Amino acid sequence: MAAPTEKNIGDLNGQWVLNKTLSDPTDPVLTLQGVGWLTRKAIGLATVTLHVKQYVEDGTTHIDIDQTATGGIKGTTELRVLNWTPREHEDHIFGSLKGKSRWLTPELLDTLDEHLKEGWIGTDEEKGGPNGEKFLESFVENEKAGWTAQQVWGFAIVEGERRYTRRVVVTKGETVLKIRMVYNWYSA
């Protein structure tokens, strides 16, 4: 289901379901990140739902996301603070992580990999950040496993409908994989 017009990068509150038909396959990326075969297959079969709570605390935007899979199985938890300060996190699927997130200006977007810049809606209606930003960036590193993941979040027209989308570039050594993840709006 398309994103409601009132939803933008400044208000992701609600539930979003990964649309596997419109998204790129995640298995190659999960393999590169060292996720085991059984876990990858379970993720591949499950319906993944993001339960998003976005709020401002002490002038800084926070985005807390709990993922669940079909049957209420607990997925990963994402606690994003949009101030570009690295934070350590232990994830039961991805291991020991260090990540940082921020609002993304057009100038910063222009410096990123071409894949991360493609396909976004650029209209003023998409402005949701405190300074009119239309996107956010997340960078995560797993030093032990030797990979990084850079994401840009925003809204794109996919098959004629406006949808919440994440573009991702995962790098491990010389290997670079690029995917797009597209979400359906589910409920508030």
Side-chain angles (χ1 to χ4, degrees), residues 1-27 29-30 43-44 46-56 60-70 74-84 91 93-94 99-106 108-109 112-140 149-170 177-188:
M1 180 174 174
T5 55
E6 67 272 10
K7 291 295 174 185
N8 62 37
I9 202 65
D11 178 13
L12 294 173
N13 290 301
Q15 296 180 46
W16 302 88
V17 177
L18 180 64
N19 183 318
K20 292 183 183 178
T21 302
L22 299 177
S23 298
D24 297 327
T26 58
D27 193 74
V29 167
L30 294 171
I43 291 169
T47 299
V48 177
T49 303
L50 307 180
H51 305 268
V52 181
K53 177 183 175 188
Q54 185 169 350
Y55 56 98
V56 176
T60 302
T61 302
H62 295 247
I63 303 175
D64 300 346
I65 302 174
D66 288 317
Q67 294 184 21
T68 56
T70 308
K74 176 108 173 91
T76 63
T77 297
E78 302 175 49
L79 302 175
R80 312 286 181 159
V81 181
L82 303 186
N83 63 3
W84 208 237
D91 188 280
I93 293 176
F94 296 106
K100 55 187 178 178
S101 300
R102 65 180 168 188
W103 291 107
L104 191 59
T105 64
L108 288 171
L109 180 65
L112 302 180
D113 183 277
E114 285 300 317
H115 173 74
L116 298 172
K117 298 189 285 188
E118 297 173 349
W120 300 113
I121 300 172
T123 61
D124 283 347
E125 292 79 21
E126 297 305 322
K127 291 181 177 179
N131 297 305
E133 297 90 349
K134 301 172 190 171
F135 317 104
L136 68 86
E137 177 185 13
S138 173
F139 183 85
V140 178
Q150 187 172 27
Q151 300 183 23
V152 173
W153 302 3
F155 286 81
I157 301 297
V158 182
E159 292 198 358
E161 294 186 316
R162 182 178 168 273
R163 296 183 183 269
Y164 169 50
T165 304
R166 294 182 181 186
R167 288 187 158 277
V168 185
V169 175
V170 177
L177 299 178
K178 302 174 182 186
I179 63 170
R180 178 182 73 170
M181 298 165 59
V182 179
Y183 294 87
N184 293 338
W185 171 251
Y186 184 69
S187 72

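This chain uses plain numbering: 1 for the first residue, then up along the sequence. Source: prediction; values computed, not measured. Just so you know, these numbers use all the heavy atoms, side chains as well, and skip hydrogens, waters and symmetry mates.
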| Between W16 and W185, what is the ring plane arrangement, given parallel below 30°, perpendicular above 60°, and tilted in between? |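 The arrangement is perpendicular - the two ring planes meet at more than 60°.
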Residue of the set L18, D27, L30 for which side chain to side chain contact (heavy atoms under 4.5 Å, CB included) holds with I43: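 Filter result, single survivor: L30.
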Could you tell me the separation between the [atom1] atom of [X] and the [atom2] atom of [Y], rounded to the nearest 0.5 Å?
| X | Y | atom1 | atom2 | answer |
| --- | --- | --- | --- | --- |
| W120 | I9 | CH2 | CD1 | 7.5 Å |
| T60 | Y55 | OG1 | OH | 10.5 Å |
| I93 | T77 | CD1 | OG1 | 9.5 Å |
| N184 | N19 | CG | CG | 4.5 Å |
| M181 | Y164 | CE | OH | 8.5 Å |
| D113 | K178 | CG | NZ | 3.5 Å |

Tell me the closest heavy-atom pair linking [X] and [Y], and the distance in Å.
| X | Y | answer |
| --- | --- | --- |
| W103 | G128 | CH2-O, 4.2 Å |
| N8 | R162 | CA-NH2, 3.9 Å |
| A149 | V170 | CB-CG2, 3.9 Å |
| L116 | R167 | CD2-O, 3.2 Å |
| L104 | L109 | CD2-CD1, 3.7 Å |
| V29 | I179 | CG2-CG2, 3.8 Å |

In chain order, what residues pass the side-chain contact (heavy atoms from CB on, under 4.5 Å) check against [X], with sequence neighbours excluded?
| X | result |
| --- | --- |
| V158 | L22, A156, R163, T165, R180, V182 |
| Y186 | Q15, V17 |
| N13 | K7, D11, K53, Q54 |
| N131 | E133 |

Check your understanding: Would you say the side chain of L12 lies within less than 4.5 Å of the side chain of I65, judging by non-hydrogen atoms?
Key ->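 They are not in side-chain contact.
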- Mind jotting down which residue pairs meet the salt bridge (charged side-chain N to carboxylate O under 4.0 Å, His left out) criterion with at least one end in residues 14-23? Sequence neighbours excluded, please.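 Matches after skipping sequence neighbours: none remain.
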Report the residues that fulfil side chain to side chain donor-acceptor pair (under 3.5 Å) with [X], sequence neighbours left out, ordered by chain and then residue number.
| X | result |
| --- | --- |
| E114 | K117 |
| W153 | Q151 |
| T123 | E125 |

Please check this pair: side chain of R102 against backbone of E137, looking for a donor-acceptor N/O pair closer than 3.5 Å.
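Checked: no pair found.
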Qualifying residues under salt bridge (charged side-chain N to carboxylate O under 4.0 Å, His left out), relative to [X], sequence neighbours excluded:
| X | answer |
| --- | --- |
| D66 | K74 |
| D64 | none |
| E6 | none |
| E78 | R80, R166 |

